[in-house]
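Structure first, commentary second.
Residue numbering restarts at 1 for every chain, and letters A, B, ... go by the order of the sequence lines. Note that this is a predicted model, so its numbers are computed, not measured.
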Amino acid sequence: MPELPEVETIIRRLKGGGGAPSVVGQRIQSVEVNWGKIIALPDPSQFKQNLIGKTIIDAKRRGKFMHFPLDIGHLFAHLRMSGDMRLEKKLESVEPYDRVLLNFSEDYRMVFSNIRKFGRIWYTNDPKDVIGKLGPEPLSENFTPQHLYEELQAHSRQIKPLLMDQTFIAGLGNIYTDEALYISGIHPMRPSDSLTKADAEHLHHAIQNVLREGIRSLGASIDWIYRGGQFQNYFKVYKKEGTPCPRCGTSIEKIKVGQRGTHFCPRCQIFKE
DNA sequence: ACGAGCGCCTGTCGGC
DNA sequence: TGCCGACAGGCGCTCG
């Protein structure tokens, strides 16, 4: 479930508010690591030592990364293909996929759950170690149609894998990329430098729209990981192969682009060189 | 610079 | 029914 809108939803929940508990202000008393490879930096035993006694002073998102500034240093987490970050009472039972637990001084703990063990957690004094190479935030002011157009021209790559390259733009994954390309009428395999200025403007608008709608819906919930998001009910092409295009009625197709399942309308999204 | 192939993991689904 | 391969919301690596 983890693309920008889902991570944003998780972060907002972790921040609490409205009477709900928050990770902000919590002091880490102990750390449990049940799968060592989850800890990307430093090694797991150092990781524990570094975290104990630290206090979380904020919870933020950058691309698909969760970012927890501490009183000293920074904690980052990435869910990769599966998983969740929960804030819960220490009384709750530990679930089978709970890989890393941060026990706070009082009542609560934060739990990194990750079925496929692809997720990663970092502790570092320098955020650049983790998020230094990320492209712009798609919902920030410095991501403009002009910027997008110029960057598209600067590369000659298939548009879909380029949009999913986190150094190009931070936060898009398979779902929101397919949806944004559909909305803007761009074939997923088109060379990035074949896009016109008008194409780039449409794409920029579509990216921001689909992400905002995703956040408004609290993300998408599919398969066995359900977290209450509703965006799956608004998919126009993702997982819609064989159903009629909402705009022209042509059957939605599924192909592979850059090794990833890709859904598009062959009539609305014409390939051009 | 770019794209393909593959590894990392666990679970589900469709075909035979 | 049972098995087996393909596939899944991601990303880093190697190779050509």
Side-chain angles (χ1 to χ4, degrees), chain A residues 1-10 34-41 61-66 76-85 95-100 112-122 129-135 138 151-181 188-194 207 210-211 213-215 217-242 254-263 273:
Chain A
M1 80 149 292
E3 298 181 38
L4 187 154
E6 290 77 27
V7 178
E8 178 69 23
T9 300
I10 292 174
N34 299 327
W35 188 258
K37 284 188 183 179
I38 299 276
I39 310 303
L41 188 79
R61 179 193 57 72
R62 175 77 173 95
K64 303 176 195 173
F65 288 85
M66 289 175 261
F76 289 93
H78 195 303
L79 294 167
R80 296 274 174 95
M81 288 288 271
S82 60
D84 196 5
M85 188 75 91
E95 301 297 319
Y97 308 120
D98 292 347
R99 311 297 185 191
V100 178
F112 186 79
S113 125
N114 206 262
I115 293 179
R116 291 175 71 181
K117 298 176 176 172
F118 291 168
R120 293 292 181 267
I121 297 182
W122 298 257
D129 290 344
V130 182
I131 56 172
K133 292 180 176 166
L134 289 182
E151 289 299 312
L152 290 171
Q153 296 303 308
H155 297 269
S156 189
R157 288 177 63 181
Q158 294 178 324
I159 184 66
K160 172 167 175 178
L162 182 58
L163 292 176
M164 290 180 65
D165 182 337
Q166 302 299 297
T167 67
F168 184 80
I169 177 174
L172 291 176
N174 211 31
I175 293 178
Y176 293 91
T177 303
D178 279 4
E179 294 292 319
L181 287 172
M189 296 180 83
R190 270 185 69 182
S192 56
D193 53 1
S194 78
I207 288 170
V210 78
L211 292 176
E213 289 302 311
I215 292 170
S217 305
L218 306 179
S221 315
I222 52 186
D223 296 341
W224 65 96
I225 304 171
Y226 180 75
R227 74 180 57 265
Q230 293 299 316
F231 193 64
Q232 68 280 6
N233 299 324
Y234 303 98
F235 291 166
K236 294 188 169 67
V237 289
Y238 187 79
K239 286 210 168 162
K240 294 287 188 182
E241 60 269 34
K254 182 176 181 186
I255 59 174
K256 276 248 194 285
V257 180
Q259 331 260 81
R260 305 299 300 273
T262 298
H263 315 75
E273 289 281 1

Report task. Please state how far atom CG in A:L172 lies from atom C1' in C:dC11, giving the value in whole angstrom units. Result -> 15 Å
Query raised in the report: Among side-chain atoms of A:D193 and A:S156, is any donor-acceptor pair under 3.5 angstrom?
Result: yes
Requested in this report: Would you please classify the geometry between the A:Y234 ring and the A:F231 ring as parallel, tilted or perpendicular, with 30° and 60° separating the classes?
Outcome: tilted
Query raised in the report: Expressed in whole Å, how much space separates the P atoms belonging to C:dC7 and B:dA4?
Result: 15 Å
Query raised in the report: Would you say the side-chain atoms of A:T177 pair up with the backbone N or O of A:L163, donor to acceptor, closer than 3.5 Å?
Result: no
Requested in this report: Report the distance from atom CD of A:E95 to atom P of B:dT10, rounded to the nearest whole Å.
Outcome: 17 Å
Report summary line: Dot-bracket for DNA chain C, 5' to 3', Watson-Crick and G-U pairs with both distances under 3.5 Å, [ ] for crossing pairs, | for partner on another strand, reads .|||||||.|||||||
Query raised in the report: If the P atom of B:dA1 is compared with that of C:dG10, how far apart are they to the nearest Å?
Result: 24 Å
Requested in this report: Kindly say whether A:G171 contributes a backbone atom to a donor-acceptor pair with the side chain of A:Q166 at under 3.5 angstrom?
Outcome: yes
Query raised in the report: In whole Å, what is the span from the NE2 atom of A:H155 to the C1' atom of B:dG3?
Result: 15 Å
Query - Integer-rounded Å distance: C:dC11 P and A:L79 CG - result: 11 Å
Query raised in the report: Roughly how far apart, to the nearest Å, are B:dC9 and C:dC3 at atom P?
Result: 25 Å
Requested in this report: Could you state the atom-to-atom distance from CG of A:D129 to P of C:dG12 in whole Å?
Outcome: 14 Å
Requested in this report: Just call it for A:G119: base, sugar-phosphate, or nothing, with non-hydrogen atoms closer than 4.0 Å on any strand.
Outcome: nothing
Query raised in the report: Rounding to a whole Å, what distance do you find between A:L152:CG and B:dA1:P?
Result: 17 Å
Any protein N or O atoms within reach of nucleotides 5-9 of chain B? Criterion: under 3.5 Å, listing atom names and distances.
residue, atom, partner, partner atom, Å
B:dG5, N7, A:Q259, NE2, 2.6
B:dC9, OP1, A:K37, NZ, 2.9
B:dC9, O4', A:R116, O, 3.4
B:dC9, O2, A:R116, NE, 2.6
B:dC9, N3, A:R116, NH2, 3.1

Sub-3.5 Å pairs of nitrogen or oxygen atoms, protein against nucleotides 14-16 of chain B:
none

Query - d(CG, A:L163; P, C:dC11) in whole Å - result: 13 Å
Requested in this report: Report the distance from atom CZ of A:R157 to atom P of B:dA4, rounded to the nearest whole Å.
Outcome: 11 Å
